[in-house]
A.B. asks: 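I'd like to ask you about the structure that follows.
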Number of protein chains: 2
Amino acid sequence: MGRRRQSVTIKHVAADAGVSLQTVSRVINNEPNVRPEMKERVQASIDKLGYVPSIAAQRMSGSRSYLILALNDRERTIADWRGRQGVDWVDQMLLGGMLKCAEYGYRMIFELVDTHNDHVERELRAAIAALQPDGVILTPPHSDNPLIVGLLDQQKIPFARIGSRGGAAGIALTMDDEGSARRATRHLIDLGHRRIGFIPGSPEYSLSRWRVDGWEAEMAVADLATDGLLAEGDFTYASGVAAARHLLGSANPPTAIIASSDQMALATLEVARDLGIDVPGQLSIVSFDNTPVVRFTQPALTAVDQPVAETASRAVELIIAAQRGAPRPTEPTRVQGGLVQRGSTAAPPVAVHG
Amino acid sequence: MGRRRQSVTIKHVAADAGVSLQTVSRVINNEPNVRPEMKERVQASIDKLGYVPSIAAQRMSGSRSYLILALNDRERTIADWRGRQGVDWVDQMLLGGMLKCAEYGYRMIFELVDTHNDHVERELRAAIAALQPDGVILTPPHSDNPLIVGLLDQQKIPFARIGSRGGAAGIALTMDDEGSARRATRHLIDLGHRRIGFIPGSPEYSLSRWRVDGWEAEMAVADLATDGLLAEGDFTYASGVAAARHLLGSANPPTAIIASSDQMALATLEVARDLGIDVPGQLSIVSFDNTPVVRFTQPALTAVDQPVAETASRAVELIIAAQRGAPRPTEPTRVQGGLVQRGSTAAPPVAVHG
DNA sequence: ATGAAAGCGCTAACAT
DNA sequence: ATGTTAGCGCTTTCAT
């Protein structure tokens, strides 16, 4: 295919309005030092000609690229897509991030990078060199990858770290994991549960720990023991099966289980079914994520809703603000999720004796 | 934030290798007229310095942008995201399209455009002017929108039309809707069904008609009547409820229903439950899409799997080929889907008499 | 087979 | 408040 040239350029607008290129540029970028009447005249020409600045040219002259790069873990994301378990993390990121970008005239470009690869840094460097994004959004586990964080910091590219409490660099945002875990625990305690088990996520994710912290804190407040109630998990269905078997097969099993992912909650439900344990009659289950499928199980699962879209949206806003010179927030932005109550939680079975 | 300059440019590489900019450019673009030894030397410098060409600069000088624009319907896509019904169309497009793009060094940018808006053309023009994409992927209903198709054709941008049989312009790809409908119908006929109802999708989508065609054709082959068996639908749950009520409430109701979307199939299942009709004992259901949730219903739904990822992948390949001068395919590319059999289909109830 | 020069569309820096 | 100039990083001419 032949070369494609811009049909309407800043030159055309300048000629049409009878002003210099610079004035047009000033109008486009909302810069000061343009008389209102001048601005109007230029805007009229822009509208008339249907002029839209070329992002490539803008970027070339040292300005913004109007591109925000969203980085997700390759392995996990592809597994989610292929698995077709209805994991809608990416959709929700697009919903929040892309739409917010559009409001500001930015675009979001999605990129997969493998955290466990030796080439992470090279991959990221390549993406940055090729696209010259104005900002980067990191999701777990990238958010706490020192190689990635260090590179971005060094290159002075504003970046958001979703699911991280941050540190010296970047803009940290969390979905209030500790608070969510506390609310889930509180919900179960309020229903009368005393023995509440917890299946954590992969230790590679900081948020896994925070959720455990939340559960422990709320249990402590209610003066409830947690011994033998913390299983092991890594977000996957398989790990959920093992964890649920472990918890439910113990001498003094819990009457409620909080799982750090829908997949593990689904696994817990399945294990309970296998063991002839009625949900929610004999066992209550709360899950994390609230992906679409949890509404279709029998019973539907009570779940912590992760505000992914809202968080992505905030990340975009914060990046654009940073790009415009806003100071780096000192505290992590905490976007609070909700607890959606469904059929999997109820009062515990009546104790036979004290 | 200050201006961000490319850290390693073609100049650095040229200096390091001791050649002209031009030679480096030739190596990058795999152009002829470079001695192998020269090429090696340049490549060594590129690797050493970690050089990656700036897409913006490449685009500026009249070359490719390495950007492919995927256009989805705004209203529908946002509704899917917000609805959180597990519609994973976007995920599957990314899975197929993005990964294929990556293979060729391209990026996919996702954009929402409102087909029903008077400004479609302006919106699209703006996106094209801003991004200068090397190709565009259209999904229904954009694929058959004459305004969009016309604009793209006129601008000589290679574009794929998913879910369209095409016409004078663009590269048409279908998911073999007619064939899939035939296979679904055949599956039910083989089980012994004679009265098979059909709930079509929105008439705004050409593929809705093709599916009806497939069903009618297969019914005709088996010498079965279709009178009173075609309902009305528009893909939504609500329309599915109305259609299912209509079909199941008729004097001579079908023993099987094919729904053109999972949502309508879900609705049919719900209506059957309300009416005390056992699935699959008294009624078989086949759905279209095979989104994640259909595995979690009771019973799980037999479904036509739409090869979205594969189709997006093919679209990218065809666009890149076109961009490199390949002739436009004369026939639509047909990517065949599969029929996933689950618990919602079985033999019809035994007839009381003839 | 290689190099030099011109220019893509835009903005930063410097005039006026 | 507006205009002029230079140059971003690269590819396309057009030399050699």
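Keep in mind that this is a model prediction, so the values were computed, not measured. So you know, we letter chains A, B, ... as the sequences are listed, proteins then strands, and number each from 1.
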A.B. asks: Is any side-chain heavy atom of B:Arg125 less than 4.5 Å from a side-chain heavy atom of A:Val52?
C.D. replies: no

A.B. asks: Cut-off 3.5 Å, side chains only: do A:Gln323 and A:Tyr104 have a donor facing an acceptor?
C.D. replies: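 A:Tyr104 and A:Gln323 do not have a side-chain donor-acceptor pair below 3.5 Å.
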
A.B. asks: I need the CD-P distance between B:Gln132 and C:dC8, as an integer number of Å.
C.D. replies: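 After rounding, the gap between these two atoms is 13 Å.
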
A.B. asks: Send over the distance from B:Asp134 CG to D:dT11 P, rounded to a whole Å.
C.D. replies: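 For the pair B:Asp134 CG and D:dT11 P, the rounded distance is 13 Å.
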
A.B. asks: Quick one: A:Ile28 CD1 to C:dG9 P, roughly how many Å, whole number?
C.D. replies: 13 Å

A.B. asks: For DNA chain C, what residues of residues 102-109 of chain A have any heavy atom nearer than 4.0 Å?
C.D. replies: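 Hits under 4.0 Å, by residue number: none.
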
A.B. asks: Side chain of A:Met60: nearest nucleotide among C:dT2, C:dG9, D:dC10?
C.D. replies: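 Per side-chain heavy atoms of A:Met60, the pick is C:dG9.
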
A.B. asks: For A:Thr115, which of A:Glu75, A:His142, A:Arg74 qualifies under side chain to side chain donor-acceptor pair (under 3.5 Å)?
C.D. replies: A:His142

A.B. asks: Which pairs pass side chain to side chain donor-acceptor pair (under 3.5 Å) with one or both residues in residues 7-22 of chain A, sequence neighbours excluded?
C.D. replies: A:Thr9-A:His12, A:Asp16-A:Ser45, A:Asp16-A:Lys48, A:Ser20-A:Thr23

A.B. asks: Whole angstrom is fine here: how far is it from CZ in B:Arg59 over to P in C:dG9?
C.D. replies: 10 Å

A.B. asks: Tell me: NE2 of B:His12 to P of D:dC8, nearest whole Å?
C.D. replies: 10 Å

A.B. asks: Relative to the 5' end of DNA chain D, which residue comes earlier, A:Thr23 or B:Ser25, by the nucleotide with the nearest heavy atom?
C.D. replies: A:Thr23

A.B. asks: CG of B:Asn72 to CG of A:Leu94: how many Å apart, nearest 0.5 Å?
C.D. replies: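 Rounded to the nearest 0.5 Å, the CG-CG separation comes out at 10.0 Å.
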
A.B. asks: Rounded to whole angstrom units, what separation is found between the CG atom of A:Leu21 and the C1' atom of D:dG7?
C.D. replies: 14 Å

A.B. asks: Within a radius of less than 6.0 Å around CZ of A:Arg334, do more than 12 heavy atoms belonging to other residues, nucleotides or ligands occur?
C.D. replies: no

A.B. asks: Rounded to whole angstrom units, what separation is found between the CD atom of B:Glu31 and the C1' atom of C:dG3?
C.D. replies: 14 Å

A.B. asks: Check the distance between C:dG7's C1' and B:Ile10's CD1 and give it to me in whole angstrom.
C.D. replies: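 One finds 15 Å between C1' of C:dG7 and CD1 of B:Ile10, rounded.
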
A.B. asks: Counting only heavy atoms and a strict 4.0 angstrom limit, can you tell me which residues of residues 46-57 of chain A come near DNA chain D?
C.D. replies: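 Residues of residues 46-57 of chain A under 4.0 Å from DNA chain D: none.
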
A.B. asks: Rounded to 10°, tell me the angle between the two end axes of the helix from C:dA1-D:dT16 to C:dT16-D:dA1, each built from five pairs.
C.D. replies: 30°

A.B. asks: Does A:Arg314 CZ have over 12 foreign heavy atoms under 6.0 Å away?
C.D. replies: no

A.B. asks: Starting from the 5' end of DNA chain C, give me the residue, B:Pro32 or A:Val8, whose nearest nucleotide shows up first.
C.D. replies: B:Pro32

A.B. asks: Under 3.5 Å, is there a donor-acceptor pair between the side chain of A:Arg35 and the main chain of A:Lys39?
C.D. replies: no

A.B. asks: Verify the neighbour count for atom CZ of A:Arg328: are there more than 12 heavy atoms of other residues, nucleotides or ligands below 6.0 Å?
C.D. replies: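 Count over threshold, so yes.
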
A.B. asks: At 4.0 Å (heavy atoms only), tell me whether B:Gln22 reaches a base, stays on the sugar-phosphate, or touches nothing.
C.D. replies: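 Base contact - B:Gln22 has a heavy atom under 4.0 Å of at least one base atom.
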
A.B. asks: Could you tell me which residues satisfy salt bridge (Lys or Arg N to Asp or Glu O under 4.0 Å) with B:Asp73, sequence neighbours excluded, listed by chain and number?
C.D. replies: none

A.B. asks: With a cut-off of less than 4.0 Å, is there a side-chain N or O of A:Ser61 near OP1 or OP2 of D:dC8?
C.D. replies: no

A.B. asks: If you round to the nearest 0.5 Å, how far is CG of B:Leu124 from CG of B:Leu69?
C.D. replies: 7.5 Å

A.B. asks: Do other residues, nucleotides or ligands put more than 12 heavy atoms under 6.0 Å from the CD atom of B:Glu31?
C.D. replies: yes

A.B. asks: Restricting to nitrogen or oxygen on both sides, can you table the protein-nucleotides 14-16 of chain D pairs closer than 3.5 Å?
C.D. replies:
none

A.B. asks: Please check the phosphate of D:dT2 (OP1 and OP2 only) for any side-chain N or O of A:Arg35 closer than 4.0 Å.
C.D. replies: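 So the side-chain polar atoms of A:Arg35 do come within 4.0 Å of the phosphate oxygens OP1 or OP2 of D:dT2, strictly under.
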
A.B. asks: Rounded to the nearest 0.5 Å, how far apart are CE of A:Met93 and CE of A:Met108?
C.D. replies: 4.5 Å

A.B. asks: Side-chain contact, heavy-atom cut-off 4.5 Å: A:Ile10 with A:Ile28?
C.D. replies: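 Answer yes - side chains close enough.
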
